[in-house]
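Read through the structure below, which is laid out as structure tokens, and then see the notes.
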Amino acid sequence: MDIGRLTLPPLRDEEEKRTRLIKMKRLATGLLVFATLVFIVTSILEHRWPGLGYIRATAEAAMVGAIADWFAVTALFRYPLGIPIPHTAIIPSRKDKIGISLGNFVQNNFLSPPVIVARIRSANVARKLAEWLANPEHGDTVGKHAAAGVSGLVQVLRDEEIQEIIETSVVSRVRKTQVAPLMGKVLSLVTAENRHQELLDSAIRLFERLFDENREALRAKISRETPWWMPTAVDDQIYQKLVRSVEKTLHEVTADPEHPLRHRFNEAVGEFVERLRSSPEMIARGEELKEEVLRHPAVREYSGSLWADVKGSVLRHSADPQSEFRRRVGHAVTRFGASLQQDEELLDKVNGWVEQAVLYVVDQYRHEVAALIETTVSAWDPEDTTQKIELQIGRDLQYIRINGTLVGGLVGLLIYTFAQLFGA
């Protein structure tokens, strides 16, 4: 899969790693050159000093080991001596297959459900979360970030849109609700178990107080309404009789739960409630009044002022480190953390929720992770990738060459010695 060539970013301490790699290459190559020189010299002088055969054999085997391991290490990154020998230049030529294998390896070994479950259970996320939340400083931090988040959200929202949403939602909800039947239901609750008689008692007491406060005004009114020639004593008689009649009536209604006026009040309230519920005229009149209210400019002004008040309050409380909002959030977080620490059953539930959530995410995206690794590796430039990998592991691989030289020489010495002892 070729989606274009990407150059990898520079490695950390790339120049230093390149310098160390060059030094190790020179050391490994120097051992090969040294073994070659020893082999040449001992081969020339061996006929004069047969004991040099041991050194020659050692140098000869060291050369073979050094060259074999040089070939093996070089074949990982490039063609040895530029010759396209099969199964060499493994990394650049098989880079895409390596990406596929790496993606499958990560998917099957790192993102497998058993591995994830074991890791989550060993981490005991719920207890660590509870301990973190129980710390008052962390609770304050959560409150601070919550306030900042709410403040940021409020500032991002456009005032006109929010005002329109508030107005539309409120108006649409009110328009869907018939006012008269709703008022009828409310009055039904008020009148249940004769609770409306308490309203009548309150009205009577209010009327008594108003009547008592306006006695002189009533006397003056009677005097003005009677003929001029009528004696003042007659006006006083009319006034006294009216006052006594009113006071008697109010006292009787107050003292007698079965007074006819109360029954008439019950009937009037019941009839009014029923008309609100079922009378088309009352329902239509209620809808007309409702539309008049909704069309009034004060409704829009109220929705605008409501959002402005809410927004201003949120911004003030968010900016204040000692605000009630931040304090309450911090206190709630700390209290929740402390409670969670003491509730083993809830801890197990939280761990279960975390486990299920992580497994769901892993199950949904583990294939995408493998595909991402595959496509990313495929997009790397082969030569650049080879250089980067060699800088990362090449220095260690040079020890293979060094060890091959030394081990090869030792094996050659052992073989030659064995041949000398038992060959004859």
Could you list the donor-acceptor pairs under 3.5 angstrom formed by side chains in residues 328-335, with sequence neighbours left out?
residue : atom : partner : partner atom : Å
Arg328  : NE   : Glu324  : OE2          : 2.8
Arg328  : NH2  : Glu324  : OE2          : 3.2
Thr334  : OG1  : Gly330  : O            : 2.9

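Interatomic distance, CZ of Phe71 versus CD1 of Ile67, reported as 11.5 Å (0.5 Å rounding). One distance of note links OG of Ser112 with CG of Asp363; it measures 11.5 Å at 0.5 Å rounding. Atom CZ of Arg127 is separated from atom CG of Asp348 by 9.0 Å, given to the nearest 0.5 angstrom. A distance of 7.0 Å separates CZ of Phe336 from CG of Leu133, quoted to the nearest 0.5 Å. Within the model, atoms CZ of Arg395 and CD1 of Ile22 stand 13.0 Å from one another, a figure rounded to the nearest 0.5 Å. In this structure, CH2 in Trp70 is found 9.5 Å from OG1 in Thr29, a value given to the nearest 0.5 Å.
The heavy-atom pair separating Ile402 from Met24 by the smallest distance is CD1-CE, 3.7 Å. Nearest heavy atom pair, residue Ala338 against residue Ala134, reads N-CB, 3.8 Å. The two residues Glu15 and Arg18 come nearest to each other via the heavy atoms OE2-NH1, 2.9 Å. For the residue pair Ala130 and Leu347, the shortest heavy atom distance occurs at CB-CD2, 4.3 Å. Across all their heavy atoms, Ala61 and Gly412 have their closest contact at CB-CA, 3.3 Å. Of all the heavy atoms in Phe39 and Ala59, the pair that sits closest is N-CB, 3.7 Å.
A side-chain donor-acceptor contact under 3.5 Å links Asn351 to the backbone of Ala126. No donor-acceptor pair closer than 3.5 Å links the side chain of Asp343 to the backbone N or O of Ser339.
With no hydrogens or angles considered, a side-chain donor-acceptor pair links Gln398 and Arg401 at under 3.5 Å.
Using a 4.5 Å heavy-atom cutoff, the side chains of Leu397 and Phe77 are in contact. The shortest side-chain heavy-atom distance between Thr58 and Leu410 does not fall under the 4.5 Å cut-off. Within the 4.5 Å cutoff, the side chain of Ile55 has no heavy atoms near those of the Tyr416 side chain. Side-chain contact between Phe34 and Val38: present, with at least one pair of heavy atoms (C-beta onward) separated by less than 4.5 Å. A 4.5 Å side-chain heavy-atom check between Pro80 and Thr88 finds at least one atom pair inside the cut-off. A 4.5 Å side-chain heavy-atom check between Gln392 and Lys17 finds at least one atom pair inside the cut-off.
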Task: Test log, rule side-chain contact (heavy atoms from CB on, under 4.5 Å), inputs Trp132 and Val142 - done: CA-CA 11 Å; Trp132 190 89; Val142 174; 3.7 Å; yes
- [ ] Carefully, step by step, assess Val358 and Ile120 under the rule side-chain contact (heavy atoms from CB on, under 4.5 Å).
- [x] CA-CA 9 Å; Val358 173; Ile120 293 175; 3.6 Å; yes
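Screening residues 73-92 for salt bridge (charged side-chain N to carboxylate O under 4.0 Å, His left out) gives Arg78-Glu390 as the qualifying pairs, with residues at least two apart or on separate chains. The salt bridge (charged side-chain N to carboxylate O under 4.0 Å, His left out) analysis of residues 113-122, with sequence neighbours excluded, yields the pairs Arg121-Glu355.
Within 6.0 Å of atom CD in Glu345, 12 or fewer heavy atoms from other residues, nucleotides or ligands are found, so the atom counts as exposed in its surroundings. The environment of Glu137 atom CD is sparse: at most 12 non-hydrogen atoms of other residues, nucleotides or ligands sit within 6.0 angstrom.
Salt bridge status for Glu131 with Lys128: absent, with no side-chain N to carboxylate O gap under 4.0 Å.
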